[in-house]
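Comments concern the structure below.
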Amino acid sequence: MRWRLLWLLSAAAAGCCWGLAAGKTLRGGFTSSAARREPWRPVAHFQFHGDHAVLCVRIKNVAVAVAKAARLHLFQAQEWQKLENSVQDHSCTEKFSKAQLTMTVNHTEQNLTVSQIPYPETWYVFYVDKFTCEENYSESEDIQFEMILLNPDAEGNPLDHFSAGESGLHEFFFLLVLAYFITACIYAQSLWQTIRKRGPMHGVLKVLTIALLLQAGSAFANYLHFSSYSRDGIGAPFMGSLAELCDIISQIQMLYLLLSLCMGWTIGRMKKSHGRPLQWDSSPASTGIAVVVVVTQSFLLIWEQFEDTNHHSYHSHHGLASGLLIGLRVCLALSLAAGLYQIITVERSTLKREFYITFAKACILWFLCHPCLATIAVIFREYQREKIITIGVILCQCISMVILYRLFLSHSLYWEVSSLSSVTLPLTISSGHKNRHHF
């Protein structure tokens, strides 16, 4: 029953994750009506760095572009924010006249070099023509375009499709996939044999291993997406969506696992006297609490996908959904820590106390790594934040999984504790409670 419920919740969250890629090679049409209706909406944004970054624009109907006096205006993010927040009321024409760079679109292919950038910063690209700021407007043909935004590579040539905020992620995911592969080669066979034996921790190890496989699948899909992205600036949207899907299902499974274990212990401790052994509590209370929290996180994860369609699993915390998700993780960490602390303070067995302390560390690391890194990232520049959060969260959660594996496979901890009594800890197997203590 638990397995079906867990997979149903995972599938519901994953089904809404498919989004469109926000690549750095853009294709479409410059539309006068759209520019007139929303003149302050940029057609692209990119974090340039170095002295030879390039904006390349290719159009098909040059005559239409010349007739409409089509232009592209580039603003640094900080300068644009100053204009937006300025007390002085600037007219439409005055605002665009303050652009740091301007390109007149009147050739089949044009390049604009963005140079002398002191540090990487986001630039906004706006399309403007003679109808954008004028009251009179007549229907006109759209300008079909292809826009390529490039940063200089290691040799200084403008060939790098990655923005400053994405640089290094391709290499990181390659190393992560390599680490997963090497680890699998070393430990996969022994872990599979342990799971096949259906020992005391069969259920926990099963969920934990599936979550780990999903994390590895997410890393591999991200690597494929970034590999394609490095060549064309578009990437593989399907692989980017698949990476987020795998990560979301993994997050849901780990949340349900950790919360169910902790709630089972806590509720079991509340119901039973201290003299009786602590056991897994399968009452509707513990299951219901776990389901409510999992559904809440699933809803927030889906909401976050709609707020930010870029392909990265750990989104910036500017949106309401991201903020609520971080708040939920903080509350989970604090509540689980409080519940485990109550158990630890009254536990007399040194071995069991050590087990609970290690489990608490893994839980706190899993839930607090994202909120803590998102808070720390605020002191860094904008282009560094996404990399700090993404790389930091993935590494912290990998460490948390390693701690849990060592805990549940260790002969000196769980196996000895569970051998003292068939119902001492949750999910153990005994002849009279075999069905009761399984997912």
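Position 1 is the first residue of the sequence, and the numbers go up from there.
One distance of note links CG of Leu325 with CD of Gln251; it measures 8.5 Å at 0.5 Å rounding. Distance check: Gln253 CD to Ile249 CD1 gives 7.5 Å after rounding to the nearest 0.5 Å.
Within the 3.5 Å criterion, the main-chain N or O of Tyr341 finds no donor-acceptor partner in the side chain of Tyr356. A donor-acceptor pair is defined here as one N or O able to donate and one able to accept, closer than 3.5 Å; no such pair exists between the side chain of Ser400 and the backbone of Cys396. A distance-only check finds no donor-acceptor pair linking the side chain of Ser218 to the backbone of Leu214 [under 3.5 Å]. Under the 3.5 Å distance criterion, the side-chain polar atoms of Gln47 are matched with a main-chain donor or acceptor of Gly165. Between the side chain of His161 and the backbone N or O of Tyr229, no donor-acceptor pair lies under 3.5 Å. Judged by distance alone, with hydrogens and angles left aside, the side-chain atoms of Asp232 form a donor-acceptor pair with the main-chain N or O of Gly235 at under 3.5 Å.
Between Lys95 and Glu84 a salt bridge is recorded (basic side-chain N to carboxylate O distance below 4.0 Å).
Not a single side-chain contact (heavy atoms from CB on, under 4.5 Å) links His52 to another residue, sequence neighbours left out. With sequence neighbours excluded, the residues forming a ring pair (Phe, Tyr, Trp, His ring centres under 6.0 Å) with Phe145 are Phe30, listed by chain and number. Contacts of Ala333 classified as side-chain contact (heavy atoms from CB on, under 4.5 Å), with partners at least two apart in sequence or in another chain: Phe367, Leu368. With sequence neighbours left out, the side chain to side chain donor-acceptor pair (under 3.5 Å) criterion links Ser115 to no other residue. By the side-chain contact (heavy atoms from CB on, under 4.5 Å) test, Trp192 is found to be paired with Arg196, residues two or more places apart in sequence or in another chain being considered.
For the pair Pro152 and Gly50, the tightest heavy-atom approach, listed with the atom from each and the gap, is CG-CA, 4.1 Å.
Using a 4.5 Å cut-off on side-chain heavy atoms (C-beta onward), Thr350 and Arg353 make contact. Side-chain atoms of Asn151 and Phe46, non-hydrogen and from C-beta on, do get closer than 4.5 Å to each other. Using a 4.5 Å cut-off on side-chain heavy atoms (C-beta onward), Lys98 and Glu79 make no contact. Side-chain contact between Gln100 and Leu74 is absent, with no heavy atoms from C-beta onward closer than 4.5 Å.
With Tyr119 as the aromatic partner, Arg381 meets the cation-pi criteria of under 6.0 angstrom to the ring centre and within 45 degrees of the ring axis. For the pair Lys361 and Trp366, the cation-pi test (distance below 6.0 Å, angle within 45°) is failed.
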Distance-only criterion, 3.5 Å: show the donor-acceptor pairs between side-chain atoms of residues 173-181 and protein atoms not counting sequence neighbours.
none

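The distance between the ring centers of Phe126 and Trp80 falls below 6.0 angstrom. Ring centers of Phe96 and His73: under 6.0 Å apart, within the cut-off. For an aromatic pair to be called close, the ring centres must be under 6.0 Å apart, and Tyr223 with His170 satisfies this.
The aromatic rings of Phe359 and Phe355 sit parallel, their planes meeting at an angle under 30°, below the 60° perpendicular limit.
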